[in-house]
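These values consider heavy atoms only, across backbone and side chains, with no hydrogens, waters or symmetry-generated copies.
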Amino acid sequence: FAILTLVNLPLLASASHAQCNFTEDFTGGFNQPWVVTDPALAYVQNDVFRVAFQSSDSNEYHGAVLDPCVYGDLLVNVRMRDLNSSVGKAVAFRNNGIFIGYNVNLRSDPWNDVVLGKGSFAPAGILAQAYFPHSTEEWVDVQVEAIGPQIKVWVNGNLVIDYTDPSPILTGWTFLGINAGGGSGPGSFYALAEFDDFSVLDVRSAVANRSEE
């Protein structure tokens, strides 16, 4: 699989904040400046962003990076769903390499949870976890607010995670996709997820919309 290695990109200062405030509904294709890891695995179909994963390599990630903006404090909204029991469909933020940063993973049955991770989806990388029962193929609305070291996650309008990181990562890129790991041979793990109605705002524009609630 072709992998986009973000660690080789320079960490640039953000463009003007207005230019880094994006909305994307994927109608008719990509309408914003996304960089895709592999067009055969991450693509727009029927006006949603679809990401597939099939590998035994736990270091792989497939999806799309919102380029060129580097965010610090931000507010992200996205709808996501499994099309099978995907382990790691995620919105990632403040990332400076392949999952070198934060990610919010939504896992349907049998896990039924939302997980805030840092750096990887291994147990050592889990910062917070909340029970959230939902079904495969069910669309779920996820909102993430990161202000300095404090990260809050809402699911379908309910605050489910409120975590303060004692060693925070404060800047990085934002992207959507699947990270999943491990198996005994090629193609041993398969996942399929979809994303829609994405937006990201610099927190100086967005903070009044959420953090004071």
Does the side chain of Asn103 pick up a donor-acceptor pair with the side chain of Asn105 at under 3.5 Å?
yes

Separation between CG (Asp141) and CZ (Arg81), nearest 0.5 Å, reads 12.5 Å

Thr171 side chain vs Tyr71 backbone, donor-acceptor pair below 3.5 Å:
no

Short question: side chain of Asn112, backbone of His134 - any donor-acceptor pair under 3.5 Å?
yes

If a pair satisfies salt bridge (charged side-chain N to carboxylate O under 4.0 Å, His left out) and one of its residues is in residues 155-164, list it, with sequence neighbours excluded.
none

When rounded to the nearest 0.5 angstrom, what distance separates CG in Leu74 from CD1 in Ile151?
9.0 Å

Tell me the closest heavy-atom pair linking Phe22 and Cys69, and the distance in Å.
CE1-SG, 3.8 Å

Between Glu24 (side chain only) and Asp197 (backbone N and O only), is there a donor and an acceptor less than 3.5 Å apart?
no

Side-chain donor/acceptor of Asp196 to backbone N/O of Phe49, under 3.5 Å:
no

Does some side-chain heavy atom of Lys152 sit less than 4.5 Å from a side-chain heavy atom of Ile161?
no

So, applying side-chain contact (heavy atoms from CB on, under 4.5 Å) with Leu106, which one of Val115, Val91, Val142 is it?
Val142

Looking at Gly177 and Phe195, what are the two nearest heavy atoms and their distance?
O-CZ, 3.4 Å

Quick one: are Thr174 and Phe198 in side-chain contact, heavy atoms under 4.5 Å?
yes

Answer yes or no: is there a side-chain heavy-atom contact under 4.5 Å between Val114 and Tyr131?
no

Could you tell me if the side chain of Val78 sits less than 4.5 Å from the side chain of Leu176, heavy atoms only?
yes

Could you pull out the closest heavy-atom pair between Ser199 and Thr23, with the gap in Å?
CB-CG2, 3.9 Å

Is there side-chain contact between Phe26 and Gln45, with heavy atoms separated by less than 4.5 Å?
no

Rounded at 0.5 Å granularity, tell me how far CD in Gln150 sits from OH in Tyr163.
12.0 Å

Quiz question: by atom type and distance under 3.5 Å, do the side chains of Asp82 and Ser108 form a donor-acceptor pair?
yes

Compare every heavy atom of Asp202 with every heavy atom of Asn21, then report the nearest pair and how far apart it is.
OD1-N, 2.8 Å

How are the rings of Phe30 and Trp34 set relative to one another: parallel (under 30°), tilted (30 to 60°) or perpendicular (over 60°)?
tilted

Would you indicate whether the side-chain heavy atoms of Arg79 and Val140 approach each other to under 4.5 Å?
no

Under a 4.0 Å threshold between the charged nitrogen and the carboxylate oxygen, would Arg50 count as salt-bridged to Glu194?
yes

Applying salt bridge (Lys or Arg N to Asp or Glu O under 4.0 Å), can you list everything that pairs with Asp165, at least two apart in sequence or on another chain?
Lys118

Sub-4.5 Å side-chain heavy-atom contact between Gln143 and Leu75:
yes

Strictly distance-based, threshold 3.5 Å: is any side-chain N or O of Asp38 a donor or acceptor partner for the main-chain N or O of Ala40?
yes

Compare all side-chain heavy atoms of Phe132 with those of Val155 and state whether any distance is below 4.5 angstrom.
yes

If the threshold is 4.0 Å, N to carboxylate O, is there a salt bridge linking Asp73 and Arg94?
yes

For Tyr102 against Pro168, the heavy-atom pair lying closest together
OH-CA, 3.2 Å

